[in-house]
2 protein chains.
Amino acid sequence: MSQLPNQPAQRPVPTSADVARLAGVSRATVSYVLNNSPTVRISESTRRRVREAATELGYVPHAAARSLRAGHTRMVLLPTVAFPTGPLHHRFFHELESGLRRLDYTVVQYGSTGLDPDDAPRVWAELRPVAVIAPGTIPLTPQGTGLLRRSGAKAVITLGPRPVPGAHALVMDQREVGSCAVGLLLERGRRRIGVVMPEESGLALFAEPRLTGARQAAQPHGARIEPLPLRYEEESAARLADRWRTLDLDAVFAYNDEYAMLLMRALQDAGIDVPRETAVVGADDLMLGRLLRPRLSTVRMELATAQPLADLVDRLVRHPGCAPEHHDLLRVGAVGRESA
Amino acid sequence: MSQLPNQPAQRPVPTSADVARLAGVSRATVSYVLNNSPTVRISESTRRRVREAATELGYVPHAAARSLRAGHTRMVLLPTVAFPTGPLHHRFFHELESGLRRLDYTVVQYGSTGLDPDDAPRVWAELRPVAVIAPGTIPLTPQGTGLLRRSGAKAVITLGPRPVPGAHALVMDQREVGSCAVGLLLERGRRRIGVVMPEESGLALFAEPRLTGARQAAQPHGARIEPLPLRYEEESAARLADRWRTLDLDAVFAYNDEYAMLLMRALQDAGIDVPRETAVVGADDLMLGRLLRPRLSTVRMELATAQPLADLVDRLVRHPGCAPEHHDLLRVGAVGRESA
DNA sequence: TTGAAAGCGCTACCAC
DNA sequence: GTGGTAGCGCTTTCAA
């Protein structure tokens, strides 16, 4: 039953020289034929012989050798880090990837979690990418950027909550989420606003700017902002709910819909009326929030479509040395439902 | 403020020859020093000069040139496809990635959505990976496997719901989810069981085997299984709930917790008592299911820890040509709560 | 302890 | 039309 590998596993990988030999032509001719080189005319019969030889040997060109010879690659490097990333990011990355592929770039995600930020750029540079889109979680220093550029990267782009000075930046400004949520609560007349801060590590990167945004929105109205540490566990929520009345709050922005559902349930179990006594706002506009009673108010988030960004990368590659550009990717909007 | 790129952008990328020149040594010596070659003794003063020259020039070795010379790479290729993947997969991939990195492999995710399954292996083979872990969504033919092996891949591994004959396989058998859920319902005395089939494209890959598993579990008990198409939208759920009583079911396995929450809310709104009239089971054991009333029964899913799998890949690379191995990655367990 | 040189697989220039 | 060949950046054997 098991298709045991009959092939002598150590047969060497066929090269263009092997194809040339089998087809009875030179390596140059093989290269011309297989690349459909327009600068040279090859007879149809030769073409066929070459192609047949290639198929017969299972010849596959060696990308590294090719780009070594060419002196450049079309690789766009996307360093990735372990990340509590939702469907939003997922879709965005996928779109960006296909957009770039359409422009004939080879997109490669390179797991970079735990890489020392100081030598991450070095490691990336070894691959000689033509562009790098680095996540904000790996702080990119001017030295790092310089190193990448010197090793051939035409475009070095950061992707994160804040732009990085001196580099192109795709910005997902999380502060807007916080200010949008608080804006909704202020409209509803709330002035004593808790802001849930998840204790799960990794979320701080989102939570901190959301808190900042909340503060910025509250300030002009003289509203009070109270950070509320919370773990994503029922006991943690219950404990917070237990001491709720001592906090003297009339509203809470719960970081996102999931934390909001958790906290809302705990508040209700503790006899706190939502929204009468405390209004609750989440973020992400999950379908599930609509199913709760009261229906959960939320902040809807949308990322820019990725095709224009693929075009942007292409432009930066073709015209390196432009002044750093910042692009805001995040669009937010409050969705007021029954909970606030 | 903006650190305008003062560097003459077109300064050529420094090579080991440049380092050698600056340090006043040969390229060989540069290579010895920078690779800490143990087979050769270099004076401390030379070492320092070389290192200083390298730093000064911002020299970064060229990975492609290196592997071209070496005749092999340590790249593990993970073709990825657009996919409604949850935190479970996410964590798994990340663990696998760091596990392999620990073994000194370079893990590279390569977006392969929309690639013609016939030439996907060709494209992958151009990168000369030493191992490929291909998702089940891209059917890997024996020819494809052969092509990859012939171009130097020591290990070709599939990762998906079903093993692929003739290749190593990491299996996440979704049928077990279905049988586990139905097992729970059977235990509770239910015999007329609906199985939600999400209409969202892409989910079929999971939903179909779950249905199969449900059928396999129901068969010996003479229980009836009824597939129920459902979109992840309130109206779709409401419509299903409206005609619920005509379906004559006493239980439903709702594909996962999210669909379960959606459907349960619709059933309740339609006046159907859960669990008395209809029991509901989800899957994924989301925290949110515990917050519902009644609390949602579910199927807990766990993926195997990835480090042993990284070790497996390493073993397959070192001993190519072993008989195909199948490893079951998915562990499931029913979690009975109030809804069933 | 260091250097010279070959050669990995490929493409592109220049002869024939 | 087709072939010879140089050279991309690197490592490694062999000689000095």
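On a predicted model such as this, the values are computed, not experimentally measured, just so you know. Just so it is clear: chains get the letters A, B, ... in the order the sequence lines come, proteins before strands, and each one is counted from 1.
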Go through DNA chain C in 5' to 3' direction and return only the first and the last nucleotide with some atom under 4.0 Å of chain B's heavy atoms.
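Using the under 4.0 Å cut-off, the span is C:dT1 to C:dG9.
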May I have the list of side-chain donor-acceptor pairs in residues 49-56 of chain B shorter than 3.5 Å, sequence neighbours left out?
residue	atom	partner	partner atom	Å
B:R49	NE	B:A23	O	3.0
B:R49	NH2	B:A23	O	3.3
B:T55	OG1	B:R51	O	2.7

Going by number, which of residues 39-56 of chain B have a non-hydrogen atom under 4.0 Å from DNA chain D?
none
Given protein heavy atoms under 4.0 Å, the one-letter contact record of nucleotides 6-12 of chain D, with B base, S sugar-phosphate only and - none, is simply BBBBBBB
Give a yes or no on whether a salt bridge exists between [X] and [Y], defined as a side-chain N under 4.0 angstrom from a carboxylate O.
X: A:E44; Y: A:R48; value: no
X: A:D314; Y: A:R318; value: yes
X: A:D119; Y: A:R122; value: no

Of all residues at least two apart in sequence or in a different chain, which pass the side chain to side chain donor-acceptor pair (under 3.5 Å) check with B:H327?
B:E325
For the helix from C:dT1-D:dA16 to C:dC16-D:dG1, figure out the bend between the end axes, five pairs an end, and round to 10 degrees.
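The value is 40°.
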Kindly give the heavy-atom pair with the smallest separation between B:P61 and B:R66, and that separation in Å.
CB-NH2, 3.4 Å
For a quick test of reading the model, state the closest non-hydrogen atom pair linking B:P14 to B:G58 and the distance between them.
CG-O, 4.0 Å
Residue pair [X] / [Y], side-chain heavy-atom distance below 4.5 Å:
X: B:P79; Y: B:Q109; value: no
X: A:R150; Y: B:V13; value: no
X: B:L78; Y: B:Y110; value: no
X: A:V19; Y: A:R27; value: no

Do A:S151 and A:W124 have a side chain donor and acceptor closer than 3.5 Å?
no
